[in-house]
Amino acid sequence: MNKKTTLGLLTALILLVGAYFVFFYKWNGPDNVFQITDAKLVGKIEIEKMEQGTSKEKITLEAAADNAWTVNGKFPANESKIKEFLTTLMEIRVLQPVEPKGQATALSLLKRNHIQVRIWDREGQQMKDYIIGATNSTQTANIFKMGFSDKCYLVSKPALEGYVSVYYSTVLLDWREKIVWNVQGSDLAAIKVTYQPDSLQQSYSLRKEGSEWVTSEGEKTEANRVGAYMELFQGKVFAESFADAAYPGLIDSLARRIPEASIRLATTDKKETELLLFVRPDNANGFFAYLSDKKELLTVQHFVIDKFLKSRAYFLAAPSNPL
């Protein structure tokens, strides 16, 4: 084999190796794996927004034994939001390391403003600790850095149009479930619906006695209608929105008013929920509302809540025919 042939083969080999690294090789450094492998293992997530070294907002998401999630230890978390976020945690991938000449700039940007993310498993062992910074120029990826590393990477979610940091919100209302109640009809022990004014005597109060339902006055009810009513309670009922920000101070004004309607539910385990409803002059499609134990302004749509607002006559059994 002459020198010319040998040189040609070496050149071809170098080109093949170069092509491999450009097109096929997936860089797998020690600190580029930001994704988790199994969402079912995740038990707690902290997301904290930092600006100029100061914490601006922080949310904590925690999983309970029944797989329900809470926000900041007190509010039910939105199930679909949690599911989407856990999927994102598994799908994020490193596009490439930040170019060497851009590493110092990326670190400087991260130092000033970033989102701190910490993830633990259900045994309390930390799974991930990384920070998220600014987007790239095409807004398709974010700068990511592991907590223990000084190397920065561009990270994205496959098929996502836009940057991945939008999933890491630190706004409480982005994570909360807009739940009014979570009640099954079979778990109810008493129901009271009050209307104001009530010139037609439509308000009603029902309680369960054994397997039957009676009014507060002891009147028998029509079993089929009560049964149909109880079937309306199929678990979670949702508000349209949290409305304090859109209507500042309104909750205090409503608290001094008599509601146009209220629904009080008592379950067999002695828990009570009371929803107070107020007519919305600005929108005929819904109510202003709040739960008596929370005093947080909600909007509730008529098509969601009206089916629970029957009249007293609806439940009463027809009088027996005289012999």
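One-based numbering along the sequence shown. Only this structure's heavy atoms are used, side chains among them; waters, hydrogens and symmetry mates stay out.
Residues R93 and P158 come closest through the heavy atom pair CG-CG, 4.4 Å. Taking both residues in full, the closest heavy atoms of K236 and I179 are given as CG-CD1, 3.6 Å, listed atom of the first, atom of the second, then distance. Contact between I131 and Q116 at its shortest, heavy atoms only, is CG2-OE1, 3.2 Å. Here the closest heavy-atom approach between residue T221 and residue V226 is recorded as OG1-CG2, 3.4 Å. Between Y153 and P97, the shortest heavy-atom distance links the atoms CD2-CA, 3.6 Å. Considering all non-hydrogen atoms of both residues, L107 and C152 come closest at CD2-SG, 3.6 Å.
Hydrophobic clustering (side-chain heavy atoms under 4.5 Å, transitive across Ile, Leu, Val, Met, Phe, Trp, Tyr) groups L232 together with Y314. Criterion: ILVMFWY side-chain heavy atoms under 4.5 Å apart, direct or through other members. Under it, L110 and F34 are not part of a common hydrophobic cluster. In this structure, M90 is a member of the same hydrophobic cluster as W69, with clusters built from ILVMFWY side-chain heavy atoms closer than 4.5 Å. M146 and I47 end up in the same hydrophobic cluster when Ile, Leu, Val, Met, Phe, Trp and Tyr side chains are linked at under 4.5 Å. In the hydrophobic clustering of ILVMFWY residues, with side-chain heavy atoms under 4.5 Å counting as a link, F238 and L173 come out apart.
Within a 6.0 Å radius of NZ in K81, other residues, nucleotides and ligands contribute more than 12 heavy atoms. In I258, the CD1 atom is not crowded: 12 or fewer heavy atoms of neighbouring residues, nucleotides or ligands sit closer than 6.0 Å. Counting heavy-atom neighbours within 6.0 Å of E123 CD, excluding the residue itself, gives a total of 12 or less. When the shell of 6.0 Å around CD of Q234 is examined, it contains more than 12 heavy atoms from other residues, nucleotides or ligands. The neighbour count for K271 NZ, taken as heavy atoms of other residues, nucleotides or ligands under 6.0 Å away, does not exceed 12. Within 6.0 Å of CD on E296 lie more than 12 heavy atoms contributed by other residues, nucleotides or ligands. Summarising the local packing, NZ of K295 is surrounded by more than 12 heavy atoms from other residues, nucleotides or ligands at distances under 6.0 Å.
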Inset, instruction - Test side chain to side chain contact (heavy atoms under 4.5 Å, CB included) on K178 and L298 and set out the steps. - result: CA-CA 9 Å; K178 296 185 284 289; L298 307 171; over 6 Å; no

Legend entry - M230 vs L188, side chain to side chain contact (heavy atoms under 4.5 Å, CB included): CA-CA, chis, key distance, verdict: CA-CA 8 Å; M230 295 304 159; L188 284 167; 3.9 Å; yes

Inset, instruction - Show your reasoning for whether side chain to side chain contact (heavy atoms under 4.5 Å, CB included) applies to D269 and D187. - result: CA-CA 8 Å; D269 59 359; D187 295 327; over 6 Å; no

Inset, instruction - Step by step, work out the side chain to side chain contact (heavy atoms under 4.5 Å, CB included) result for T60 and I45. - result: CA-CA 6 Å; T60 301; I45 304 166; over 6 Å; no

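When only modelled atom types and interatomic distance are considered, Q52 and T54 share no side-chain donor-acceptor pair under 3.5 Å. Defined by atom type and a distance below 3.5 Å, a donor-acceptor pair is missing between the side-chain atoms of D198 and T194.
Grouping Ile, Leu, Val, Met, Phe, Trp and Tyr by side-chain contacts under 4.5 Å, direct or through others, leaves W120 on its own. Cluster partners of F278, by chain and number: Y247, L250, I251, L254, L276, F288, Y290, L297. The rule joins Ile, Leu, Val, Met, Phe, Trp and Tyr whenever side-chain heavy atoms lie under 4.5 Å apart.
Y130 OH to I92 CD1: the interatomic distance, rounded to the nearest 0.5 Å, is 4.0 Å. Atom CG of N136 is separated from atom CD of Q96 by 8.5 Å, given to the nearest 0.5 angstrom. Remark: E62 CD to N72 CG distance equals 9.0 Å, nearest 0.5 Å. Between the OH atom in Y167 and the CG atom in D174 there is a gap of 13.0 Å [rounded to 0.5 Å]. Taking CD from E99 and CG from L154, the interatomic distance works out to 9.0 Å, rounded to the nearest 0.5 Å. The distance from the CD atom of E57 to the CE atom of M50 is 12.5 Å, given to the nearest 0.5 Å.
Checking side-chain atoms of R176 against main-chain N and O of A77 turns up no donor-acceptor pair under 3.5 Å. With T170 contributing its side chain and K58 its backbone, the two residues share no donor-acceptor pair below 3.5 Å. Although no hydrogens or angles enter the test, the distance criterion places no donor-acceptor pair under 3.5 Å between the side chain of S108 and the main chain of A104. When atom types are taken as modelled, the side chain of N142 and the backbone of V155 share no donor-acceptor pair closer than 3.5 angstrom. Counting only distance, with no hydrogens or angles, the side chain of K128 and the backbone of V33 share a donor-acceptor pair below 3.5 Å. The backbone N or O of V98 sits less than 3.5 Å from a side-chain atom of Q103, completing a donor-acceptor pair. K307 places no side-chain N or O within donor-acceptor distance of the main-chain N or O of V304, the cut-off being under 3.5 Å.
Between F308 and F233, the ring planes lie tilted relative to each other; the angle falls in the 30° to 60° range.
The closest side-chain heavy-atom distance from E274 to E272 is not below 4.5 Å.
Between W175 and F85, a ring centre-to-centre spacing shorter than 6.0 Å is recorded.
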